[in-house]
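In what follows, chains are A, B, ... by sequence order, proteins preceding strands, each numbered from 1.
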Amino acid sequence: MSEEKSLNFIEEIIEEDLKSGKYKSILTRFPPEPNGYLHIGHSKSICLNFGLAIKYGGKTNLRFDDTNPVTEETEYVESIKDDIRWLGFEWANEFYASDYFEQLYGFAVRLIEKGLAYVDDSSSEDIAKQKGSPTVPGVRNQFAERSIEENLQLFADMRAGKYKDGEKVLRAKIDMSSPNMHLRDPLLYRIKHAHHHRTGDAWCIYPMYDFAHGQSDSIEKITHSICTLEFIPHRPLYDWCIEKLEIFPSKQYEFARLNLNYTVMSKRKLLQLVNENHVTGWDDPRMPTISGLRRRGYTPESIRDFAERVGVARRENLIEFSLLEFCVREHLNKISLRRMVVFNPIKVVITNYPDGQTEQLASENNPEDVNGGVRNLPFSKEILIEADDFMENPPRKFFRLAPGGKVRLKSAYIIQCDEVVKNDDGRIKELRCSYIPESKSGTDTSGLKVQGTLHWVNAADAVEVEVREYDRLFRVENPASEEGDFKDYINPDSLTVVTGYAEPSIKEAKPQDRFQFLRKGYYCLDKDSSANKLIFNRTVTLKDGWSKAK
RNA sequence: UGCCCGAUAGUAUAAUGGUAGUACGACAGAUUUUGGUUCUGUUUGUCUUGGUUCGAAUCCAGGUCGGGCAACCA
């Protein structure tokens with residue numbers, strides 16, 4: 001009750017708009033261009049737009065901003081819808097800017113009729129030149145003097161396909177000396193004889209972003225059109241179009257996009273990583289794409305929590321990856337099944353355990369979940385433990401196994417190391433230990449206290465699995481801002497493949513299952529798995545206080 | 001040397017003229033059959049210079065620094 005969460009600046013605007021009666025309810029939109037996969041940065045925008053509508057009882061449209069047929073594909077449309085649904089959001093309507101092409105054409109005609117737009121025959125080089133620079137005003141050319149009738153005819157001819165790509169454009173007539181470059185007679189329509197993923201060959205002229213986005217918002221009666229900071233200078237043009245066309249006044253608000261350290265967050269760069277095979281695809285678990293994070297084992301809940309925690313403001317930011325890791329650990333800790341997997345095994349022979357005997361020991365599936373149940377672990381004379389968990393000459397505060405020392409095997413017995421058997425080359429062959437029969441987990445009457453508890457696997461039942469351990473994709477915090485090519489900063493060790501020896505219950509793993517490999521990290525089954533070869537992705541390690549102390 | 005946006009602990013984000021708070025990180029301790037979890041504590045901050053005011057992170061002015069803007073991309 002008492003914890004009143006403060007509002008971000010957009011929520012403040014919305015609450016004010018609702019309170020003043022400006023709107024009875026709000027309508028937002030998420031407007032991706034279908035030219036790539038969605039990434040964690042988009043998830044901030046998705047959570048914001050959908051989250052706002054949920055919070056204030058409004059609705060959100062999904063609108064594909066598909067005004068450039070050259071780069072856009074249906075494959076991307078499908079992946080985007082999958083990702084949004086997976087994140088847990090439902091859109092009120094699925095729209096496309098291309099749905100409005102006819103209407104947009106009409107808007108352009110209206111502008112021409114008002115003397116506010118003209119057809120320009122200049123080359124793109126000439127247009128750029130005439131625009132001037134931020135410090136030098138632009139100059140208007142003779143084409144701006146064409147009559148309304150001529151412009152109407154020319155624009156109709158553009159649509160009819162009488163001209164080649166680049167021969168003509170439609171421009172707004174605003175102010176060639178505006179300090180805002182976007183107002184120096186911006187292009188409204190260009191000719192592209194290209195096949196569109198939805199309208200096919202119906203059109204050969206396509207509206208530019210600035211003539212499509214705001215009007216699409218307006219057509220849908222979007223109340224709050226939320227975009228990123230780089231569109232701030234577009235806002236006067238957004239408002240200009242709406243004002244001159246006298247259509248529903250949607251309003252644009254800008255927030256700072258999400259940046260995450262040790263990765264890149266631009267579709268162009270991510271596409272390069274895919275195309276040049278630095279990763280295996282858009283859903284490579286090292287990618288910051290939503291599909292990559294999903295395959296890596298991230299949960300929608302953790303990503304939504306992350307989006308909530310990073311906040312919404314207007315200043316540039318670079319979020320630490322550790323925050324994302326915190327969010328996913330927090331969720332996975334609650335839901336994942338505990339399993340024991342040894343990565344770098346050494347054999348332990350329990351000398352006083354009866355030959356040929358195997359017993360089943362129950363172990364909780366998840367100590368965080370009282371209803372999680374248990375599974376059985378076979379235990380016998382020969383088991384495997386982690387090589388790291390034994391040291392012949394341990395430093396102080398080493399809570400694991402050492403010659404003469406005692407340690408608990410998780411959910412099993414306390415053992416004591418009696419002898420280290422080595423190969424000729426001096427490497428440890430096996431540890432010979434004795435167990436304390438009355439120290440059995442749950443019925444321990446030994447009275448012994450040990451400092452360490454180890455994970456282990458019964459040697460005879462160990463299941464070999466492939467484990468893919470991922471590390472950050474880049475060696476530097478902000479690859480995009482480094483000198484030279486961002487790809488020079490790729491971390492060569494972002495993927496390490498190891499073999500794990502898992503307890504037998506791992507064979508029941510299903511694609512949706514999430515595991516905590518005890519004392520190691522969180523893992524999930526990868527889609528590359530087959531019946532006789534299980535492959536796990538490491539989502540994130542467990543926090544490790546010991547390796548830091550060393 | 002134009003215009004626009006921004007600047008609060010290491011990183012984010014609050015405080016809306018009246019006690020600078022929260023989260024993550026880091027560090028220390030307690031608990032623990034995961035060196036995990038949980039719990040407790042500690043550390044570190046208003047870019048700068050003036051002004052307005054009883055009182056400024058907040059308002060005003062100058063400066064500094066960072067980002068954006070001159071695609072027939074979105």
What distance, rounded to whole Å, do you find between the two P atoms, one in B:A57 and one in B:U46?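 Those two atoms are separated by 11 Å.
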Closest to the A:Leu318 side chain, choosing from B:A74, B:A12, B:A70: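 Per side-chain heavy atoms of A:Leu318, the pick is B:A12.
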Counting only heavy atoms from other residues, nucleotides and ligands, does the tally under 6.0 Å from NZ of A:Lys162 exceed 12?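 For A:Lys162, atom NZ is not crowded (no more than 12 foreign heavy atoms under 6.0 Å).
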So with a 6.0 Å cut-off around CD of A:Gln360, is the heavy-atom count from everything else above 12?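 Yes, because the 6.0 Å sphere around CD of A:Gln360 holds more than 12 heavy atoms from other groups.
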If only side-chain N and O atoms count, and only distance matters, is there a donor-acceptor pair under 3.5 Å linking A:His39 with A:Thr289?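 No.
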At 4.0 Å (heavy atoms only), tell me whether [X] reaches a base, stays on the sugar-phosphate, or touches nothing.
X        : result
A:Met340 : nothing
A:Arg314 : sugar-phosphate
A:Gln516 : base

Distance-only donor-acceptor test, [X] side-chain atoms vs [N] base atoms, 3.5 Å:
X        : N     : value
A:Arg519 : B:U34 : no
A:Arg315 : B:U8  : yes
A:Glu368 : B:G36 : yes
A:Arg400 : B:G35 : yes
A:His182 : B:A71 : no
A:Arg309 : B:U13 : no

Toward the 5' end of RNA chain B, by each residue's nearest nucleotide, A:Pro31 or A:Leu323: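 So the residue in question is A:Leu323.
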Taking the nucleotide of RNA chain B with the closest heavy atom to each, which residue, A:Val450 or A:Asp65, is nearer the 5' end?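 The answer here is A:Val450.
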Positive for salt bridge (charged side-chain N to carboxylate O under 4.0 Å, His left out) with A:Lys410, one of A:Glu386, A:Glu503, A:Glu364: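 The single option meeting the salt bridge (charged side-chain N to carboxylate O under 4.0 Å, His left out) with A:Lys410 is A:Glu364.
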Do A:Trp546 and the base of B:G35 stack face to face, with centres under 5.5 Å apart and an angle between planes under 30°?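 Yes, aromatic ring over the base.
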